[in-house]
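Here is the structure we will look at, set down as structure tokens.
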Amino acid sequence: MLHYRVPTAQLVSALTLACAITACGAARAPEPTPLPARVPLESAPALTMLGAHRLVPAPASVTSAEGPPFALTATTTIVVPASGGEASRVGAWMATLLRPATGLLFPVSAADGAAPAGAIVLRRGGEASRGAEGYELTITSDSVRLVAAEPAGLFRGVQTLRQLLPAAIESEQSVAGVPKEWTIPAGRIVDRPRFAYRGAMLDVARHFFTVKEVYQFVDLLALYKLNTLHLHLSDDQGWRIEIDSWPRLATIGGSTQVGGGPGGYYTKADYAEIVRYAADRFITVVPEIDVPAHTNAAIAAYPELGCSRPVPVPSPNAPMPGLYTGIRVGWSALCHDKEVTYKFVDDVVRELAAMTPGPFIHMGGDEVEVLTREQYAAFIERVQDIVARHGKRMIGWEEIGRAKMRPGTIAQMWHADTLLLAARQGAKLVMSPATKAYLDMKYTPATELGLAWAAHVELQASYDWDPVTFFKGLTENDVLGIEAPLWTETVSNISAAQFLLMPRLPALAEVGWTPTSARNWESFRTRIAAHAPRWRLLGVNYYPSPQVAW
Ligand code: IFG
């Protein structure tokens, strides 16, 4: 008999309430204020009308229908196209998601044509104008039809289905009896993203995160329809990816981290695992090797890469001379006028491109204090040519707008107006303004984790902005999308990362996905409140922002 574990908090609130009534406990402690009674999963209001949805990101259009909901039962089957392929993989992924909490079998069958009643049917097709991630979801009492031009659209539609079921669907074990039945309200959703690039960045250089922790980061991106994982793989404190032609980059450059901990690095097999896990969720990996600054770990491994510039004050707990475990920025740089520097960049980009199926390689370019404007531009232009020669498009932080950008190169906006230099060259922009999207910013002065150099960023600040009107003079066509960077100077494990990510990540996911006409703060703050039980069941840490009535 599987026992349903009552969440501790419920127990606590029940006990608190009990004590308040029976004054249990000898010494009359001051009356504890009872915790806000959480709505127990058993009585979570089932979704009555599709329009009452608490979906995040909000879909482009939702139409409720009269009539009974679709119920998941022992005979519910999942039907995927006979051709198999990625659409079948999405069907299998959905079955794996639905089985544990419901205890139902969800057999998956591959067949075209009319499906049996009571089936969840995945089909390729629909309006190609909805793009690679658009989908349409039609729910009646006897069928659920999910149609998308591409498998990615099917996967995004499955996340919507997931959110239309009670939060208990996220539970790991069959919670028989909770809820009485698993229903999805009738209606129709036609949906597609506003922006093509919707990402989040994990800085694995300041603090190293294991492959399993990166999976947990990717799981949150998948739940909220983000499609890009930017990994900040190198910086002053750490080099995190194995490069065969320069082996000490990982073995020495990866041997420590901020604060002097053991650091770590991804072997090529580890990196391939991360790429596969992301690809299974239709998420593209964008690796970043930050040059010419933020390069102390590489220079500590290969001192010939640096000019004879002063190294930082030795870090008390750095295991090797030259390694740095503090958090100052901008002081290091590769030697721009040595040929070995460009051989280094070429070797690294060659090996990184070979292990990265996605179209982009991010080459950083931020916070360069030791080169003149001309030296910087010449360096960036040369690096850009190297990336192109290896068949990839370069992304760089906004400062690269000071160089001559190749068509296809993307500038990532973070803190100033240099993005306008890139826009004037016709470059596409990825918007990640530090005052809105930097998830390492404290929520408030009271937040223990995070930094505050840009701003304190509460949930509403992350939600209430528009990537196009954020900067005057930009047009919809200039903006490729948005990204939420999580820098990890103060974050050393995934639980701390989740506290800073959640709930701002879903807010930014909605900024990237939902048309402006379907977006507003009052609606979002109400909808996101319903996601907390889901996060608790998933074991995801989060900041209970006082801006939301959780
Ligand atoms: N700026 C630096 C990051 C990191 C960040 C912390 C960019 C592009 C401050 N560069 O953001 O390396 O230190 O908030």
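Just follow the structure's listing: the first ligand is 1, and inside any ligand the first atom is 1.
In this view, Asp244 and Lys268 satisfy the salt bridge (Lys or Arg N to Asp or Glu O under 4.0 Å) rule, not counting sequence neighbours.
In this structure, Asp347 pairs ionically with Arg350, as a charged nitrogen and a carboxylate oxygen lie closer than 4.0 Å. A salt bridge does not link Lys404 with Glu381: none of the charged nitrogens is closer than 4.0 Å to a carboxylate oxygen.
Closer than 4.0 angstrom to ligand 1 sit non-hydrogen atoms from Arg206, His294, Val329, Asp366, Glu367, Trp397, Trp414, Tyr438, Asp440, Met441, Leu451, Trp453, Trp487, Glu489.
Atom OH of Tyr224 sits about 4.5 Å away from atom CE of Met502, to the nearest 0.5 Å.
Between Ser332 and Asp236, the shortest heavy-atom distance links the atoms OG-OD1, 2.6 Å.
Between the side chain of Gln257 and the main chain of Phe208, a donor-acceptor pair closer than 3.5 Å is present.
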